[in-house]
Amino acid sequence: MSHTGRNIVIGGEAGQGLVTIGQMLTRALIRSGYEVVVSQDYMSRVRGGHNTYSIRVHDAPIAAPAEAMDVLVALNQETVSLHKGEMAEGGIIILDAALDPEGARAVPVPFKDVAPRPIFENVAALGVLGSLLGVDRPTVEGLVRETFGKKGDEVVGQNMKVLDDAWKWAEAHRASCAALPAPKGPKGRMMLHGNEAIALGALAAGVKFCSFYPMTPATSVAQELISKGRKLGVVVEQAEDEIAAMNMALGATYAGAKALVPTSGGGFALMTEGVSLAGVMEAPVVIVLAQRPGPATGLPTRTEQADLNLALYAGHGEFPRAILAPATIEDCFHLTHAAFDLTERFQTPVFVLTDQYLSDSYRAVAPFDLDALPPVAEPDFTPGGGPKFKRYKRYELTESGVSPRKVPGFTETLVLADCHEHTEQGNITEDAGLRNAMNDKRLRKGEGLRKLCIPPRVIGDAKPDLLLVCWGSSEGPVAEAADLLRAKGRSVGVMSFTQVWPLDPAQFLPALRAAKEVVCVEGNATGQFARLLRQETGFEVSRTLLRYDGRIFTPGWLAERLG
Amino acid sequence: MSHTGRNIVIGGEAGQGLVTIGQMLTRALIRSGYEVVVSQDYMSRVRGGHNTYSIRVHDAPIAAPAEAMDVLVALNQETVSLHKGEMAEGGIIILDAALDPEGARAVPVPFKDVAPRPIFENVAALGVLGSLLGVDRPTVEGLVRETFGKKGDEVVGQNMKVLDDAWKWAEAHRASCAALPAPKGPKGRMMLHGNEAIALGALAAGVKFCSFYPMTPATSVAQELISKGRKLGVVVEQAEDEIAAMNMALGATYAGAKALVPTSGGGFALMTEGVSLAGVMEAPVVIVLAQRPGPATGLPTRTEQADLNLALYAGHGEFPRAILAPATIEDCFHLTHAAFDLTERFQTPVFVLTDQYLSDSYRAVAPFDLDALPPVAEPDFTPGGGPKFKRYKRYELTESGVSPRKVPGFTETLVLADCHEHTEQGNITEDAGLRNAMNDKRLRKGEGLRKLCIPPRVIGDAKPDLLLVCWGSSEGPVAEAADLLRAKGRSVGVMSFTQVWPLDPAQFLPALRAAKEVVCVEGNATGQFARLLRQETGFEVSRTLLRYDGRIFTPGWLAERLG
Amino acid sequence: MDIEVYGEYKKTAWCPGCGNHDVMKAVRQALAGLDLAPNKVAHVSGIGQAAKAPHYIDLNGFNGLHGRGLPPAQAIKLCNPELTVIAQSGDGCNYGEGGNHFLAAIRRNVDMTLLVHDNQIYGLTKGQASPTTPEGQITKSQPDGVRNAPFNPIAVAVAMKCSFVARSFSGNTAHLVKMIQLAIQHKGFALVDLFSPCVSFNKVNTYGWYKQRCQELPEDYDPTDWAAAMQVAQEFGERIPIGVIYRNDRPSLDASLPVLQKGPLGRQPVDRDGLRALMQSYT
Amino acid sequence: MDIEVYGEYKKTAWCPGCGNHDVMKAVRQALAGLDLAPNKVAHVSGIGQAAKAPHYIDLNGFNGLHGRGLPPAQAIKLCNPELTVIAQSGDGCNYGEGGNHFLAAIRRNVDMTLLVHDNQIYGLTKGQASPTTPEGQITKSQPDGVRNAPFNPIAVAVAMKCSFVARSFSGNTAHLVKMIQLAIQHKGFALVDLFSPCVSFNKVNTYGWYKQRCQELPEDYDPTDWAAAMQVAQEFGERIPIGVIYRNDRPSLDASLPVLQKGPLGRQPVDRDGLRALMQSYT
Ligand SMILES: Cc1ncc(C[n+]2csc(CCOP(=O)(O)OP(=O)(O)O)c2C)c(N)n1
Ligand SMILES: Cc1ncc(C[n+]2csc(CCOP(=O)(O)OP(=O)(O)O)c2C)c(N)n1
Ligand code: SF4
Ligand code: SF4
Ligand SMILES: [Mg+2]
Ligand SMILES: [Mg+2]
């Protein structure tokens with residue numbers, strides 16, 4: 001087996017219910033106490049095509065998807081044809097008895113007998129899977145009851161019957177598939193994907209306003225805030241375009257509300273003028289940039305890490321920013337929370353740079369301990385300060401570069417936020433000296449940001465021969481690839497950056513220099529982070545290992561190329 | 001004297017006619033055979049405020065503006081107050097007799113006597129200046145006749161009378177101001193500023209379409225094409241916004257017309273999604289990005305070199321581009337011409353990165369030899385090739401990465417230009433292998449661009465102790481600063497990049513390494529080009545010398561800081 | 001032209017039953033009827049379900065950005081007036097992200113046709129409200145119902161005296177074909193807002209819903225009567241009028257630019273003598 | 001409020017004689033008359049001559065990007081409904097670069113006032129045609145005359161049933177003050193398109209030109225009559241009607257969002273219990 005745990009893949013056309021089956025099974029596994037890494041591979045269409053929903057499941061922590069399939073649920077013939085060559089040793093295909101297994105090891109299910117109507121096939125598949133994998137049956141039953149509860153007892157009863165039939169049918173076929181080992185994880189964990197975690201992190205930080213224009217894979221951040229955050233007092237506005245979304249957010253933070261803007265590359269490109277406005281206006285704003293492959297429309301539903309340069313340099317003129325790049329679902333939560341603090345403390349845009357893979361990847365995550373979170377900076381809501389009915393020094397020249405940020409309406413003094421070069425009060429100036437002073441002031445905030453920057457996570461061997469450098473969502477696959485290489489006797493370490501800007505070379509340069517070989521692993525074609533490292537430190541990595549076909553890194557794919 | 005030649009400055013409020021006087025004098029000087037460097041310093045307003053128009057004039061080539069003023073024409077009292085401390089030794093202020101010279105050496109002119117009505121004051125000032133500076137009188141007379149010719153003989157007569165009176169009045173004051181040395185330059189040269197030269201370069205390359213949205217300091221490129229290019233068959237469309245301007249240009253090149261898009265930072269920010277579209281669509285387009293200080297509205301009428309990073313990384317996803325940065329008016333012409341060739345040859349966006357200083361800076365320029373220009377690449381207008389009424393392989397995978405570009409309507413085959421990842425025919429694909437092949441194909445064009453990249457200009461000492469690195473419009477001031485330093489006995493060389501992307505380190509790295517000290521001079525606050533050099537070569541400059549107050553580099557300012 | 005010349009694409013990424021299939025059929029019929037050679041048409045789109053159209057028909061195609069179909073479409077005509085320019089895209093693309101270009105295109109009046117597949121929803125991004133989604137309608141992203149007043153493209157276009165304004169429905173092929181043909185034949189910017197139901201995400205404005213409401217304008221309706229058109233434009237309830245709602249004779253921009261009368265710009269040579277004379281003007 | 005409280009700025013960057021001076025006077029009078037404390041007003045603008053307004057009056061100010069005044073203005077109201085939100089900017093800013101936000105703001109109907117200084121020209125960038133420049137007018141950038149049909153903001157706003165639509169003229173202070181006050185008092189999105197002559201770049205639509213044409217609507221004019229308003233909106237010739245052209249009672253977005261009834265969002269604490277319960281929903 002090329003990976004630990006079990007890789008269960010459900011494949012079929014969009015609209016056939018593969019996500020429903022996948023999500024129900026994922027939830028059942030998490031409730032049972034398993035660890036999972038879900039990866040979703042879908043096309044830019046609503047019906048038809050070929051999509052997969054993959055659950056790698058294990059009884060111990062895992063951090064990446066796998067390639068070889070242990071169980072493939074094929075909802076159509078195409079799925080069999082496409083993937084029969086990707087089955088792991090001993091893997092089985094579960095498929096309708098009417099389909100042709102094309103010579104692969106298979107468990108043909110008489111779905112027509114088990115499910116009285118096509119609508120029940122999802123539950124039937126769940127029953128077969130649950131039974132074959134040896135998932136705790138009461139857990140699955142509870143889930144089915146819960147799922148259909150709203151539709152009344154009759155529907156629940158019908159589904160329970162299907163589940164029972166399927167489960168029993170499969171029991172007779174247990175031999176074809178080893179049951180999962182007993183779960184070891186705690187109960188009570190959430191089934192959470194990256195974008196949900198970002199939304200929760202924003203809520204925990206006190207987000208009050210979200211303006212967005214729909215764009216895959218960022219939409220679900222806004223969607224979570226709509227479906228769930230609404231009750232917690234968040235105003236979510238679907239804007240006419242991304243330009244409006246960004247400029248609205250700046251209006252919101254001006255008015256004292258913490259604001260979030262989720263988008264993807266093309267939408268973000270339209271926001272870049274607004275990012276520059278935030279820079280000079282010193283407006284806090286958290287931008288979630290969920291990457292997908294470009295240029296332009298590219299591969300709209302796939303994953304990539306090619307918008308690092310865009311995030312680094314978006315906006316004309318020069319101003320500081322911070323870019324956080326979550327590697328895990330927990331990071332999505334905590335870094336988003338931290339982003340709100342940073343953006344308010346330094347009054348400059350802060351990015352959460354994620355990607356489609358992480359956005360859509362469900363994991364088992366313990367509920368976050370809200371009481372353990374650090375406080376989030378607030379603007380100055382106090383009524384005093386500044387002259388009454390006259391402008392206070394919104395852009396007061398300070399040593400840190402940060403000026404007290406008062407909120408209009410909460411005070412008798414006036415707040416003037418401005419887009420030109422300006423005086424301390426925010427009035428237009430063309431004075432060369434003031435320009436220098438203000439530009440320096442703004443850039444000084446970058447130094448403050450640098451002092452607080454999060455050091456890279458170091459995983460594996462402390463003084464390795466081979467040091468793998470990565471950032472954002474690649475950490476999991478890279479860390480597991482390192483394990484695979486170590487298992488072959490190599491000395492391998494991982495340096496994973498969850499903050500990619502600003503960088504503090506003191507935190508990592510010695511380790512880079514100490515390693516015999518440094519390979520930078522990135523989901524793009526030009527090695528953007530490796531170039532950034534060189535720009536900031538002069539250090540040139542030994543080589544880059546790049547993937548840019550829209551598909552995610554897997555430990556196997558990486559180990560093969562590093563082996 | 002802190003500089004060679006003479007620095008003549010006209011100062012006053014917007015709307016007082018200082019640009020008219022300045023332009024007439026500039027033209028008279030050029031027609032006489034002098035060398036000039038004009039720099040214009042103005043505020044973001046139409047009336048009032050304080051503006052200056054400076055002409056540095058010399059009998060030998062000069063490349064930069066000067067600071068100390070030899071002749072200051074003060075159109076109002078404020079001009080005297082603001083600049084009296086900036087007069088060169090022996091400098092004089094020319095002002096209306098009603099104004100107070102505030103103790104400075106001055107020539108008070110009884111304008112009320114010389115000019116019968118305020119409208120004639122411009123010509124009166126010209127007469128005084130011409131006379132004091134010893135400019136060839138028939139040349140000035142010819143200019144006045146020409147300027148007012150359209151308004152009829154009476155107006156010409158009146159103005160000639162004013163000129164005559166002013167000239168004669170000034171003759172009596174000749175002693176106060178040394179006449180200019182005799183001019184040595186050729187006659188028949190153009191009075192041309194950077195943006196006019198860009199427009200001419202575009203016309204020479206065969207530009208047929210220009211879409212723009214007004215924005216200082218880029219507007220005058222479009223304006224030239226409107227006022228003058230129109231007759232040469234150019235369609236210039238003022239778009240509803242910059243997004244439309246960029247996307248229109250891509251439609252134009254698709255239809256086979258060479259297209260130009262002039263803009264500045266904030267407008268360009270809005271175009272970045274379209275830049276990415278050009279990348280994946282492999283659409284030629286020439287973007288003139290005329291820099292001004294940001295962030296956001298910043299100092300809208302001043303100069304800066306802070307949008308290099310923006311030009312380098314604008315647009316989501318990864319695709320090649322070239323960035324040319326003219327240093328002289330001649331560069332503006334030739335590099336724009338070259339940009340059209342490059343963009344068609346490599347079917348990817350090419351930038352001409354200029355700035356307000358160069359945009360507005362008039363010089364004496366010999367008419368360009370059109371016959372000596374290299375040919376400009378064309379798309380394939382031939383009728384044949386490709387299947388009739390079916391798509392040809394618009395994105396054929398080739399070794400160079402460049403695919404034959406046919407033009408719709410000129411052929412019976414069909415041309416499909418697309419924004420997604422696509423097949424060779426341009427159809428949407430989600431295939432991983434094709435994605436890789438297409439991404440690689442596009443990026444290969446970057447290698448082709450690199451092979452053709454223009455080496456930096458090396459000026460001054462060949463193996464200097466101090467090597468000054470600069471790019472774009474800073475070359476002139478830096479080269480003259482080097483002269484000043486050499487005059488003090490230092491060994492100084494200049495390396496001036498007129499192409500800032502892609503870079504070929506073989507062209508310059510040895511020289512960088514050979515110098516004892518390398519100082520990078522840039523008009524921005526973060527040393528963007530120095531960082532790019534380090535990213536691409538690992539080479540770290542000894543230090544940067546940066547200016548970002550919106551004002552232009554002068555040789556004196558630089559020499560003082562390098563001395 | 002034989003309709004076959006435009007190809008027939010059985011493999012589209014559209015859902016079975018999506019109105020867009022019918023629209024494509026109508027487009028092919030309309031083109032064939034007008035005898036337009038595929039290579040003489042430039043077919044432009046943005047991004048969305050409808051905007052995939054250039055991939056499913058054999059014409060020259062320019063598939064641009066979301067919301068940005070109109071700018072390249074107009075520029076193509078301004079650079080090659082010999083091409084027939086047709087833009088197709090969704091309600092979100094044209095009235096949402098691209099709203100500003102919609103206004104500008106009406107004002108500019110370049111000779112081209114805009115077919116808006118109006119399904120009153122964002123299809124490709126899975127069901128958020130579009131500018132034309134009715135007030136109060138519940139969607140995934142508007143769970144308390146849409147609060148914005150819907151955008152009425154016909155009313156805005158007529159108010160702006162757009163040179164040709166029509167409405168049609170994918171379920172009425174004969175009508176749609178006719179509208180498309182009239183739009184193409186019209187010399188100026190021609191808008192056809194055509195209902196094309198999204199069977200996956202709009203469960204309110206369905207095929208049946210439109211079928212029941214869409215009624216052809218009476219034979220004697222005069223589309224040159226602006227005030228009447230303005231009234232018709234407001235009708236969007238139990239009855240929705242379809243047909244040519246408004247038109248006028250304003251000359252198109254391309255027709256009024258002298259340089260375009262010499263044919264496509266692309267092949268016009270550099271006027272070196274003119275340029276030399278121009279350089280003289282700077283001396 | 002004493003009008004002095006809003007400050008009087010003698011040093012502006014505007015040309016002497018520019019209509020904007022009069023507009024500022026009227027704004028101050030209007031605010032004083034409504035007794036609005038400076039700290040309770042958020043005054044938003046874009047970029048252009050008119051858009052410099054926030055620098056010349058003592059109110060809270062947000063001077064944003066060219067064309068982008070409306071999005072922050074609406075967001076400010078949606079985050080703090082206790083603020084009176086007024087946006088000021090030019091015709092280019094609102095109908096050109098910002099056209100899409102103009103459409104969206106009408107549809108969204110947030111309670112705010114938009115004052116468009118309509119000088120039918122791009123002032124700050126020195127005289128290019130704006131969307132409202134008349135057809136045929138010669139400008140620096142349109143030397144053969146403007147070819148686009150002018151944008152009629154009133155017609156579009158009325159066609160879209162914008163909740164308040166008025167027109168006024170900087171040269172008629174009393175009228176302008178009244179329009180601004182009615183707009184501010186109106187609960188919804190209120191547009192005031194006000195002519196404010198550019199003395200430097202528009203030599204056609206001058207003070208005298210407007211003065212001669214602007215005529216107040218008759219006393220008995222009923223701005224709730226949509227069809228009548230649509231007719232009035234088309235009048236732009238020898239006579240240009242000024243006054244409240246159209247209004248309706250559509251509830252404003254801010255008034256219909258329950259969470260805003262609890263006051264400004266900024267100070268509403270994080271609902272930790274709610275969030276804990278929410279996390280449970282993911283288990
Ligand atoms: C700049 C940008 N923003 C957002 C998107 C995502 N997006 C793609 S299609 C679409 C909406 C499609 O709606 P519509 O235009 O009505 O077309 P339909 O799918 O309904 O035919 C959106 C928001 C994008 N591709 N680009
Ligand atoms: C994105 C962007 N594009 C262009 C400009 C340049 N610009 C500044 S003001 C202006 C037009 C102003 O016209 P209008 O809005 O009518 O205001 P006015 O000056 O006439 O009051 C333009 C094009 C800019 N600042 N930003
Ligand atoms: S989602 Fe709707 S619009 Fe898209 S293809 Fe399916 S039915 Fe058509
Ligand atoms: S240029 Fe026109 S709009 Fe601008 S300040 Fe002067 S008069 Fe007013
Ligand atoms: Mg739609
Ligand atoms: Mg204006």
Side-chain angles (χ1 to χ4, degrees), chain C residues 67-68 74 78 94-110 129-133 135-136 144-163 188-189 226-231 233-234 236 248 250-259, chain D residues 67-68 74 78 94-110 129-133 135-136 144-163 165 188-189 226-231 233-234 248 250-259:
Chain C
R68 318 298 171 191
Q74 295 166 86
L78 291 177
N94 285 295
Y95 309 141
E97 184 90 48
N100 205 30
H101 312 309
F102 179 67
L103 297 180
I106 293 174
R107 297 181 45 227
R108 201 175 271 121
N109 198 33
V110 168
S130 89
T132 53
T133 308
E135 197 167 346
D144 299 324
V146 171
R147 287 205 167 90
N148 287 354
F151 182 70
N152 182 335
I154 304 293
V156 168
V158 176
M160 291 179 72
K161 304 205 166 127
C162 176
S163 80
F189 181 75
W226 176 83
M230 208 59 233
Q231 284 295 347
Q234 292 298 321
F236 199 100
N248 64 38
R250 183 179 157 71
S252 72
L253 176 60
D254 42 296
S256 64
L257 292 179
V259 54
Chain D
R68 317 299 172 192
Q74 295 167 87
L78 291 177
N94 285 296
Y95 310 140
E97 183 91 48
N100 205 28
H101 311 308
F102 179 67
L103 297 180
I106 293 174
R107 297 182 45 229
R108 202 175 270 122
N109 198 33
V110 168
S130 89
T132 53
T133 307
E135 197 166 345
D144 299 324
V146 171
R147 288 204 168 92
N148 287 354
F151 182 69
N152 182 335
I154 304 291
V156 169
V158 176
M160 291 180 72
K161 304 207 166 128
C162 175
S163 79
V165 183
F189 181 75
W226 177 82
M230 209 58 234
Q231 284 295 347
Q234 292 298 321
N248 64 39
R250 184 179 156 72
S252 72
L253 177 59
D254 41 297
S256 65
L257 291 179
V259 54

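We name chains A, B, ... by the order of the sequence lines, and we start the count at 1 in each one.
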key: Portion of M160(D) that has a non-hydrogen atom of chain C nearer than 4.5 angstrom   = side chain
task = Would you mind checking which part of P258(D) comes under 4.5 Å of any heavy atom in chain C, side chain (CB onward), backbone (N, CA, C, O), both or neither?
result = side chain
key: Exercise: identify the closest heavy-atom pair between Q234(C) and A159(D)   = NE2-O, 3.5 Å
key: Under the salt bridge (charged side-chain N to carboxylate O under 4.0 Å, His left out) test, residues paired with R108(D) that sit two or more places apart   = E237(A), E240(A)
query = Are any of the side-chain nitrogens in R250(D) or E135(C) under 4.0 Å away from the carboxylate oxygens of its partner?
reply = yes
query = In chain order, what residues pass the side-chain hydrogen bond (donor to acceptor under 3.5 Å, both in side chains) check against N100(D), with sequence neighbours excluded?
reply = D241(A)
message = Can a donor-acceptor pair be found, under 3.5 Å and without considering hydrogens, that links the side chain of R147(D) to the backbone of L253(C)?
response = no
ask   = For A149(D), does its backbone N or O pair with a side-chain atom of R107(C) as donor and acceptor, under 3.5 Å?
value = yes
ask   = For chain D, which of H101(C), M230(C), E97(C) has the most heavy-atom pairs under 4.5 Å?
value = M230(C)
query = Roughly how far, to the nearest 0.5 Å, is the CG atom of L257(D) from the CG atom of D144(C)?
reply = 9.0 Å
note = When the 4.5 angstrom heavy-atom criterion is applied to P131(D) and chain C, the contacting part is both
inquiry  = For Y95(D), which atoms come within 4.5 Å of any heavy atom of chain C: side chain, backbone, both, or neither?
reply    = backbone
